[in-house]
Amino acid sequence: MNLSISFKAEIVENTAITPDIFKLTLRPLDSFSEPLPGQFFMLSVSESHDPLLKRPFSIFNFKDRELQFLYRIRGRGTRLLSEKKQGQRISLTGPFGKSYPQPDKSTQEVWIVTGGLGIASLNFMINRLTGEGQRLKVLYGARTGPELRILEDIRVKEILIATEDGTEGFTGTVLDLFNSYSMNLQPSSLIYACGPQAVLSFIDQKAQERGIKAYLSLEERMACGFGVCLGCVIKTKEGYKRVCKEGPVFREGEVIW
Amino acid sequence: MNLSISFKAEIVENTAITPDIFKLTLRPLDSFSEPLPGQFFMLSVSESHDPLLKRPFSIFNFKDRELQFLYRIRGRGTRLLSEKKQGQRISLTGPFGKSYPQPDKSTQEVWIVTGGLGIASLNFMINRLTGEGQRLKVLYGARTGPELRILEDIRVKEILIATEDGTEGFTGTVLDLFNSYSMNLQPSSLIYACGPQAVLSFIDQKAQERGIKAYLSLEERMACGFGVCLGCVIKTKEGYKRVCKEGPVFREGEVIW
Amino acid sequence: MNLSVMIGPLKLRNPVITASGTSGYGEELSQYFDLSLLGAITMKGISLKPMEGNPPPRLWETPCGLLNSIGLQNVGLERFLREKLPFVRRFALPVIANILGNSLDEYMELAESLDGEVEAIELNISCPNVKKGGIFFGTDRSAVAELVSAVKKTLKKSLLITKLSPQADIKEFSKIAEDSGSDAISLINTIAGMAVDIETRRPVFKNIIAGLSGPAIKPIALRMVWEAVSTVKIPVIGIGGIMTAEDALEFLITGATAIEAGTANFIDPLSSIKIIDGIKQYMNRNGISDIRQIIGSIRL
Amino acid sequence: MNLSVMIGPLKLRNPVITASGTSGYGEELSQYFDLSLLGAITMKGISLKPMEGNPPPRLWETPCGLLNSIGLQNVGLERFLREKLPFVRRFALPVIANILGNSLDEYMELAESLDGEVEAIELNISCPNVKKGGIFFGTDRSAVAELVSAVKKTLKKSLLITKLSPQADIKEFSKIAEDSGSDAISLINTIAGMAVDIETRRPVFKNIIAGLSGPAIKPIALRMVWEAVSTVKIPVIGIGGIMTAEDALEFLITGATAIEAGTANFIDPLSSIKIIDGIKQYMNRNGISDIRQIIGSIRL
Ligand SMILES: Cc1cc2nc3c(=O)[nH]c(=O)nc-3n(C[C@H](O)[C@H](O)[C@H](O)COP(=O)(O)OP(=O)(O)OC[C@H]3O[C@@H](n4cnc5c(N)ncnc54)[C@H](O)[C@@H]3O)c2cc1C
Ligand SMILES: Cc1cc2nc3c(=O)[nH]c(=O)nc-3n(C[C@H](O)[C@H](O)[C@H](O)COP(=O)(O)OP(=O)(O)OC[C@H]3O[C@@H](n4cnc5c(N)ncnc54)[C@H](O)[C@@H]3O)c2cc1C
Ligand SMILES: Cc1cc2nc3c(=O)[nH]c(=O)nc-3n(C[C@H](O)[C@H](O)[C@H](O)COP(=O)(O)O)c2cc1C
Ligand SMILES: Cc1cc2nc3c(=O)[nH]c(=O)nc-3n(C[C@H](O)[C@H](O)[C@H](O)COP(=O)(O)O)c2cc1C
Ligand code: FES
Ligand code: FES
């Protein structure tokens with residue numbers, strides 16, 4: 001029994017990092033279960049029945065019993081969320097989903113490949129791994145320089161940046177960046193990736209080609225977040241799987257893109 | 001053409017006067033028509049379709065192009081309204097409805113009879129009348145002393161108070177108060193009343209008995225507020241009338257209670 | 001940019017009509033905008049004799065919806081012709097009279113008197129708020145066929161639009177309306193719904209059942225419009241929960257030639273004007289010069 | 001305080017059931033609360049053979065509603081009996097198996113295999129998400145009569161509940177179900193709805209039409225339950241947009257013997273538990289000691 005799966009939290013902070021990217025910090029008001037990196041919560045964006053469904057957000061950070069999220073305004077729900085002010089309350093369910101597995105002993109180097117808001121899912125894992133002294137290389141792609149502000153809290157020695165408009169770092173996408181460094185990948189490397197489908201399917205393919213282990217975090221529209229609606233499925237080699245339950249983290253070679 | 005009938009406003013203040021009575025000050029962001037005392041606006045309590053309908057609120061005061069409302073938390077809509085914070089925006093339509101007619105030359109004394117939130121509709125009229133030097137007597141009933149805080153802004157010389165629990169002024173309702181003073185009513189007096197149906201029907205009857213003119217402001221559930229849905233009707237001697245359009249202010253003897 | 005559409009021989013400036021019972025006789029809305037900006041306006045349902053309507057309460061809010069039990073309060077045919085029609089006639093726009101009878105004869109008398117006075121007559125055979133009349137016709141196959149044929153034969157000048165009940169099988173009844181000579185069909189009317197006050201344990205409405213409108217019913221209305229356009233060749237007017245241009249576009253893309261906005265008018269008297277603007281913006285954004293490129297353009 | 005109700009000979013601890021397709025096979029929910037707190041649990045619709053379900057997207061949000069096109073993905077009868085049923089059997093609560101066939105034979109085989117394995121069988125004759133099967137039965141009078149009678153004859157131990165389609169005439173079909181021997185009826189299943197993506201101009205779902213659930217449909221569901229309880233004597237289970245105890249009470253007061261909560265489980269896995277608590281609070285507040293004083297207590 002885990003009656004703490006559904007709880008309320010108070011907004012400590014909900015601030016714009018760029019005009020459409022926000023950082024949200026919540027202080028839970030009831031008991032809840034500790035989240036693991038890669039897991040997500042379903043957040044209510046409205047106190048009414050419209051929008052009806054909660055929205056899934058990866059846990060960006062968990063510190064001092066506060067939950068932190070990073071989100072981009074995409075549609076109505078995220079817009080409503082961005083209008084919420086400090087002191088307002090919001091309902092949550094979670095944590096849900098499989099977390100990123102830990103690297104095993106044989107892993108010599110971890111690559112984090114992500115872009116845009118994909119970092120929302122990986123930041124917590126990065127913190128864990130650096131805390132454990134794991135060797136890390138972060139490859140990050142953004143549309144444009146100012147969006148790199150979302151990396152400000154991230155403490156990693158080796159972080160490689162690409163911007164599509166070339167305002168900072170490498171000019172191109174994170175995939176271009178990946179390509180130009182991928183000769184350094186060892187069979188004992190491990191990749192964690194999160195981002196748009198194009199990024200994930202590309203990394204999936206490269207990992208398979210090179211015989212490297214990769215964990216890919218996916219997104220799908222969700223209703224429940226905990227496996228009962230069967231609404232969030234993706235096609236895998238073993239048939240449809242629920243992103244919220246069997247995922248959101250999948251292994252290389254599992255998903256049929 | 002009056003395209004300013006529907007507009008947005010920014011919340012300047014939304015503060016609790018008692019735990020369930022709030023004062024809301026709005027700064028319109030678009031052009032709008034000047035309201036008259038007794039008129040009302042329809043306020044959206046949510047940026048979504050749930051609750052679907054706007055809620056009617058009397059104009060409590062209009063000063064320096066700011067609209068002020070006084071409201072009590074009654075159900076879901078007013079609760080949502082009370083949770084809104086300074087800086088948030090809200091949509092309005094209005095002003096709608098008939099205003100309180102001005103007293104005519106023959107009126108020697110104006111009585112304002114109201115209780116609870118009824119003052120929300122009459123305050124603006126009181127301000128007008130005192131501004132014009134009209135002799136005024138306000139009879140006001142509250143449940144309990146602390147609720148009298150909503151009268152703080154009201155500048156009238158002669159204000160008679162009743163509280164149901166006797167914490168301040170006369171012990172009883174505003175009707176008891178009215179009864180014990182009504183011998184002072186002259187045929188040339190004029191009554192403005194707003195409040196629960198019991199108050200209005202009582203004043204209506206007394207006014208008719210004594211041949212005194214009275215203006216009564218009514219409430220009904222509303223969908224549109226401007227006369228097209230036919231949802232807010234009350235029974236009158238001339239058949240159903242729309243509270244939002246033919247009212248909310250009615251004459252003594254008009255309504256069938 | 002062309003926004004005009006044809007409902008049979010009737011040309012509308014644009015496909016946005018205000019729905020019956022949600023725009024009165026045009027008097028109130030005309031205070032807020034120039035009615036001639038609309039594609040057309042539909043009058044509150046008119047009966048032969050004035051109707052007082054139902055006692056309050058007449059409204060109840062539901063999640064994203066509105067239950068109403070107005071009971072077809074209206075001024076009756078005579079006052080309509082004398083007072084209400086002349087007013088709305090001052091504006092350059094097609095007027096649709098929505099009519100309701102308790103019998104075939106009443107419908108016929110209404111249709112005869114209104115023929116030529118209005119551009120179109122919308123047969124309300126589907127209102128759930130009166131015991132006699134409406135609902136009976138709306139779900140009875142042969143009664144609808146007989147009614148539509150008879151009214152069609154009567155009309156010399158005005159167009160005939162049959163407004164369907166969502167309580168009936170849409171495919172079947174659109175076909176009946178088409179086969180009986182209706183020039184167009186409109187759908188949907190409100191869906192029969194109910195609410196109970198759990199404190200008093202009474203139904204909210206005296207009639208127990210009331211009509212549900214608003215955003216809640218949009219997906220159902222859109223499906224029914226889809227069923228209608230897949231069944232008949234006559235123009236279909238889409239109605240149900242249309243609040244925004246995006247909603248209207250869903251119906252137009254699905255194949256509705258025009259749409260009616262109802263409950264939206266309550267939330268904002270300028271809704272229909274905003275819907276028209278929004279459609280224009282969508283057309284601009286997508287480089288569409290003629291609304292007819294949108295209507296029925298759904299890609300399966 | 002007595003919250004228990006009888007569905008025919010079957011006693012439920014309280015009138016709150018989780019609806020088919022919204023609580024899986026109980027595995028997920030059981031991680032969050034003790035299933036035996038529920039009145040009963042309904043299993044995801046089971047077919048003879050495993051079904052893969054529809055391709056994504058399977059979900060679309062509408063105002064206060066949810067359109068789904070899951071396509072009855074399920075593990076099939078065999079795996080259900082082998083893996084899923086033993087799990088939920090660990091909890092002390094009645095289990096309802098929701099079954100769906102493509103033919104009378106398939107329904108019969110499902111019923112025979114499940115008889116006695118579960119307390120009740122809910123005949124899903126109304127799912128709008130598969131082309132063959134469901135919808136056909138749900139709106140065809142003689143097919144429903146034949147199906148219900150045949151299944152009823154097969155069942156020696158389990159109760160038979162017929163789940164009605166909101167696309168059919170409720171009065172007529174509740175009567176058919178009762179006359180054909182169904183022990184109870186449940187309603188409503190999702191209402192057929194549709195959505196269009198105005199940017200791609202495609203229907204959101206491959207099947208075009210999907211099933212609408214959630215608060216949006218509550219007033220319609222309540223009206224249909226009213227129609228059912230006014231027509232039949234067998235117990236009626238109310239379903240549709242029940243999110244809170246207040247919603248549940250509307251259905252119980254109207255005459256539903258029990259209710260099923262569906263979409264509510266998605267928004268909060270503890271919804272049904274909260275509904276039970278809320279009903280208790282209401283009873284306390286109103287000095288009601290037995291839930292049977294509430295059921296059907298509507299005052300007209
Ligand atoms: C497990 C998981 C974790 C996520 N974590 C984050 C996060 O940490 N930060 C963040 O900003 N976003 C995250 N997302 C995406 C986020 O849930 C969506 O952006 C949000 O639900 C959109 O809601 P909306 O009402 O604003 O958009 P809508 O109006 O519903 O849709 C707007 C656009 O977003 C797309 N979209 C909507 N929902 C999803 C979804 N679930 N997956 C993919 N695309 C979607 C739609 O197709 C549409 O194009 C996550 C999604 C999942 C499934
Ligand atoms: C012309 C007019 C002016 C008004 N001015 C004010 C004002 O200045 N300040 C203020 O606090 N309130 C005012 N009201 C009442 C206010 O509109 C309602 O309290 C509000 O709509 C309730 O919304 P809700 O969602 O909180 O309540 P709901 O959940 O909708 O209902 C809660 C309770 O309030 C009652 N109620 C709801 N709406 C109305 C209504 N329109 N009239 C009477 N009772 C209702 C219901 O019957 C129920 O018992 C006015 C009403 C009208 C018609
Ligand atoms: C208050 C109200 C009154 C209505 N009166 C009528 C009417 O007189 N005749 C009619 O055919 N439809 C009437 N309708 C139905 C609307 O015209 C429309 O079909 C329905 O409300 C669905 O559209 P909507 O969701 O946009 O409101 C009425 C609807 C409402 C809400
Ligand atoms: C995602 C989803 C899946 C469903 N699957 C089934 C099913 O397999 N069998 C069935 O009879 N009903 C199914 N239903 C219908 C529900 O059991 C219920 O009748 C309907 O959703 C209305 O109730 P609600 O508004 O509380 O959700 C499903 C509903 C949803 C939302
Ligand atoms: S979101 Fe419901 S099963 Fe995944
Ligand atoms: S609220 Fe619509 S007519 Fe008065």
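Proteins come first, then strands; the chains are lettered A, B, ... in the order of their sequence lines, and each starts at number 1.
- Defined by atom type and a distance below 3.5 Å, a donor-acceptor pair is missing between the side-chain atoms of E122(D) and T42(D).
- Ring to ring, F60(A) and F69(A) are not that close: their centroids are 6.0 angstrom or more apart.
- For the set I234(A), L230(A), L92(A), D50(A), the entry with the most heavy-atom pairs within less than 4.5 Å of chain D is L230(A).
- With Y240(A) as the aromatic partner, K235(A) meets the cation-pi criteria of under 6.0 angstrom to the ring centre and within 45 degrees of the ring axis.
- Looking at F7(A), neither its backbone nor its side chain comes within 4.5 Å of chain D, counting heavy atoms on both sides.
- Classified by interplanar angle (parallel below 30°, tilted 30° to 60°, perpendicular above 60°), the ring pair F22(A)/Y71(A) is parallel.
- Interface remark: of the candidates G24(D), P63(D), P56(D), C64(D), C64(D) forms the most heavy-atom pairs closer than 4.5 Å to chain A.
- With a 4.5 Å cut-off on non-hydrogen atoms, P57(D) does not touch chain A at all.
- Of the listed residues (G214(D), S23(D), P269(D)), the greatest number of heavy-atom pairs within a distance under 4.5 Å of chain A belongs to P269(D).
- Between chain D and the residues A223(A), S48(A), G239(A), S44(A), the most heavy-atom pairs under 4.5 angstrom are made by A223(A).
- For R76(A) and E61(D), the salt-bridge test fails: no basic side-chain N is under 4.0 Å from an acidic carboxylate O.
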